[in-house]
Amino acid sequence: MTVITRFPPSPTGFMHIGNARTALFNYLYARAKGGKFVIRIEDTDRARHSEEAVEVIFNALEWMGLDYDNTPQSQYENRARHAEIAHALLAAGKAYKCYCSPEELEKMREQSKSEGRAVAYNNYWRDRDESEAPKGVQPVIRIKSPLEGESIVDDVVQGKVRVDNKQLDDFIILRSDGVPTYMLAVVVDDHDMDVTHVIRGDDHLNNTFRQNVIYDAMGWKKPIYAHCPLIHGADGSKFSKRHGSVSIEDYKNMGFLPEALNNYLLRLGWGHKDEEIIPMERALEIFDIKGISKAASKFDFKKLESLNAHYLNAADNDRLVDLISPFLKEKHNIIISEEGLTRLQAGMDGIKERAKTLIDLAAESRIYLVDAPFPYDEGAQKHLTPAAKTILKEILTELKALNDFNHEDIEHKCRNIAQIKADGKLGNVMMPFRAALAGTDKSPALFEAAEIIGKPEVIKRLEHAIAYIGTSASH
RNA sequence: GUCCCGUUCGUCUAGGGGUCUAGGACACCGCCCUUUCACGGCGGCAACACGGGUUCAAAUCCCGUACGGGACGCCA
């Protein structure tokens, strides 16, 4: 049997992190088993549908690197097929027309709730003759659910889950305007697409019992179900917008790498022994539904960050240059020049191991991209004191004298200055030097950085820092 | 309210009757390294929700309680 999994997002305008994880699990399972991974857009709700919202989904999938096998289907396009099944069920006496108005249904809901009953609809039209139908009312079609006994869903993650059939109502499969409901559409589409495994959030577990009513009525083979626990926010409830960033786009914009997010999502609610760093290639080898845990998990930003730091460090330098360009432009108004690019490539190893996100990386890379004069931030200003001015002048003189501008000689000079002019404390030399070169008090290893920046520009930056202290010393 | 599901360090998890004085990772706290921050190295803190069973033996199996979550739409 060829495994076929599917990802059926509804176009909400963003890719929720929980949906992304579901997509990941489906993708991995299909690929790990040599099967197929297919996409279906659940767009039967026309009021909410928009092309842009669909785009967002595909962009997210592409960014995550989840490729799929079929031409993505539109559920809405299949509505004629869904309606056909609804009418077949009607003709077979397994479904019936219901003429109740929304107001009547609302009343029933209130009443059943007050009586402590599970099911809202009271099966009013289940055995009623159509001759009693009110004039001018377009009916919905409801399916007949079993009245007695119990139903069982044998779930790969949840185990055997049973429910009393009294909990199941005669739910609507075709709306009064002839548009199929989600419940009908998923079943028909999953069947038509030969889906073998349904891996989804456990907020669908209860729906499964209803969907199975349709499978049974049609005599269709049911797929294997795997209901994964949801991702929660820090407060323990379903991860939603009020918890902060929930969409894939948000994480991309915060400077996370797709491989880091994938690894994090994979480990959230799934585990394999002690393994933490699990790139996709590895995931393909070891992923199995059996590793999915039954309990919901909370999203931990710090852990994501640490994973991101790992993948950032492992990433190719040219790729990183490309990835930080948009951040440099947006946040620092920097366009990488040819000279800057050369320096950045030389210095990338030194900064990527320090960064947690692409935003960090972009900020750190500025030391290689800016030309003096540039402003000094608060941290830099603390070190650009009158006392530091003497030191900087000394550095300037010594470095100017260097013919071969390499980091060993630069270090040698700085250590000398520390001995003679700064009570032997290298920090007293380095911090002003750092402020002068970086414009801030944080930077990669300075001797190497200075070598990469090159003598002319280092001299220029030192001169500007000295001039800056001259003008700001009075206040 | 009704039904369903869950509960191992702060967080993600390993564990599937004895090898558990419960392992790893992130976070946190020390120390070392050191030119800031970070990285790295070493060490530390810290959990089987509770109560009953079953068993020679339970984190692991069963029941109950508590707490948490989810579902109850002509949304998906």
Side-chain angles (χ1 to χ4, degrees), chain A residues 8-12 42-45 47-48 75 98 100 102 105-106 109 112-120 138-142 153 155 157-159 161-164 166-169 171-177 179-183 185-186 201-209 227 229-230 232 234-238 264 267-277 291 293-307 309 313 350-351 353-356 360 364 379 383 411 414-415 418 425-431 433-435 438 440-447:
Chain A
S10 56
T12 53
E42 311 240 314
D43 51 1
T44 53
D45 184 355
R48 294 190 205 174
Q75 187 156 66
C98 164
C100 289
L105 292 173
E106 187 48 43
R109 250 191 292 279
S112 75
K113 210 156 205 175
S114 71
E115 290 171 10
R117 282 189 293 108
V119 167
Q138 279 299 315
V140 299
I141 296 180
R142 308 185 91 109
V153 168
D155 190 277
V157 175
Q158 307 289 338
V161 182
R162 35 189 98 228
V163 147
D164 193 311
K166 289 192 173 59
Q167 301 293 325
L168 270 32
D169 60 345
F171 58 94
I172 295 169
I173 55 176
L174 200 69
R175 299 179 174 97
S176 50
D177 61 2
V179 176
T181 61
Y182 161 77
M183 219 58 84
V186 239
D202 73 4
D203 48 344
H204 284 284
L205 186 57
N206 290 292
N207 286 337
T208 307
F209 291 93
H227 287 93
L230 302 178
H232 286 173
D235 65 350
S237 67
K238 201 169 168 177
Y264 179 70
R267 281 288 289 100
L268 196 60
W270 179 87
H272 183 263
K273 303 188 178 161
D274 277 355
E275 292 192 46
E276 297 288 347
I277 303 294
S293 67
K294 297 182 81 169
S297 45
K298 291 177 184 156
F299 197 90
D300 182 3
F301 206 80
K302 289 283 192 186
K303 189 147 186 177
L304 205 210
E305 261 191 350
S306 106
L307 241 14
N313 199 204
I351 56 175
E353 66 182 22
R354 304 158 45 80
K356 282 193 161 64
D360 294 347
E364 286 258 314
H383 297 285
E411 175 167 2
C414 288
R415 287 191 185 277
K425 288 187 178 147
L426 190 55
N428 288 342
V429 175
M430 299 312 292
M431 286 318 295
F433 192 18
R434 166 165 289 111
T440 181
D441 57 353
K442 294 178 176 63
S443 84
L446 255 201
F447 305 125

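Every chain is numbered from 1 and lettered A, B, ... according to where its sequence line falls, protein lines coming before strand lines. Values in this document were obtained by computation on a predicted structure and should not be read as measured data. Note that these values count all heavy atoms, side chains included, but never hydrogens, waters or copies made by symmetry.
- Distance from the side chain of A:V163 is smallest for B:C3 among the nucleotides B:A76, B:C26, B:C3.
- When the P atom is compared between B:C32 and B:A38, the two are found 16 Å apart, to the nearest whole Å.
- Comparing B:A47 with B:U21, their P atoms are spaced 15 Å from each other, to the whole Å.
- Comparing atom distances between the A:Q167 side chain and each of B:C3, B:C74, B:C4 picks out B:C3 as nearest.
- Ring geometry for A:Y182 versus A:H204: interplanar angle of 30 to 60°, hence tilted.
- B:U65 is paired with B:A49 under the Watson-Crick or G-U wobble criterion, all donor-acceptor distances under 3.5 Å.
- Residue-level contact check: A:S176 touches the bases, meaning some heavy atom is under 4.0 Å from a base atom.
- Within 4.0 Å of A:H383, counting heavy atoms only, lies no atom of the nucleic acid at all.
- Annotation: B:A59 and B:G6 have their C1' atoms spaced 16 Å apart (nearest Å).
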Sub-3.5 Å pairs of nitrogen or oxygen atoms, protein against nucleotides 37-41 of chain B:
{"from": "B:C37", "atom 1": "O2", "to": "A:R354", "atom 2": "NH1", "distance (Å)": "2.8"}
{"from": "B:C37", "atom 1": "O2", "to": "A:R354", "atom 2": "NH2", "distance (Å)": "2.4"}
{"from": "B:C37", "atom 1": "N3", "to": "A:R354", "atom 2": "NH1", "distance (Å)": "2.4"}
{"from": "B:A38", "atom 1": "O2'", "to": "A:R354", "atom 2": "O", "distance (Å)": "3.4"}

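- Within 4.0 Å (heavy atoms only), A:L230 reaches sugar-phosphate atoms of the nucleic acid but no base atom.
- B:G18 and B:C3: their C1' atoms are spaced 39 Å apart (whole Å).
- Side-chain contact between A:H227 and A:V157: absent, with no pair of heavy atoms (C-beta onward) separated by less than 4.5 Å.
- Between B:G70, B:U35, B:C74, one nucleotide has an atom nearer to the side chain of A:S237 than all others, and that is B:G70.
- Ranking B:A76, B:C3, B:G73 by closeness to the A:R109 side chain, first place goes to B:G73.
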Listed pairs, N/O of protein and of nucleotides 28-34 of chain B, under 3.5 Å:
none

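- With a 4.5 Å cut-off on side-chain heavy atoms, A:E364 and A:S443 do not count as touching.
- Aromatic ring pairs are classed by plane angle as parallel below 30°, tilted from 30° to 60° and perpendicular above 60°; the pair A:H272 and A:W270 is parallel.
- Residue A:D169 is classed as having no contact, given no heavy-atom separation below 4.0 Å to the nucleic acid.
- Among the protein residues, A:C100 comes within range of the nucleic acid bases, having at least one heavy atom under 4.0 Å from a base atom.
- Comparing the same atom, P, in B:U60 and in B:C9 gives a spacing of 14 Å after rounding to whole Å.
- Nucleotides B:G15 and B:G23, compared at atom P, are 15 Å apart to the nearest Å.
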What N/O pairs connect the protein and nucleotides 9-16 of chain B at under 3.5 Å? Give each pair on its own line.
{"from": "B:C12", "atom 1": "OP1", "to": "A:K298", "atom 2": "N", "distance (Å)": "2.9"}
{"from": "B:C12", "atom 1": "O2'", "to": "A:R267", "atom 2": "O", "distance (Å)": "2.8"}
{"from": "B:C12", "atom 1": "O2", "to": "A:K303", "atom 2": "NZ", "distance (Å)": "3.1"}
{"from": "B:U13", "atom 1": "OP1", "to": "A:G269", "atom 2": "N", "distance (Å)": "2.4"}

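- Under the Watson-Crick or G-U wobble criterion, with both distances below 3.5 Å, B:G40 is paired with B:C32.
- Straight-line distance between the C1' atoms of B:U8 and B:A25: roughly 15 Å, to the nearest whole Å.
- The gap from the C1' atom of B:G73 to that of B:A46 amounts to 46 Å, rounded to the nearest Å.
- A:K294 places its NZ atom 16 Å from the C1' atom of B:G68, with the value rounded to the nearest Å.
- Candidate nucleotides B:U36, B:C4, B:G73 were compared by shortest atom distance to the side chain of A:L205, and B:C4 ranks first.
- Looking at heavy-atom distances under 4.0 Å, A:K238 makes contact with sugar-phosphate atoms alone, never a base.
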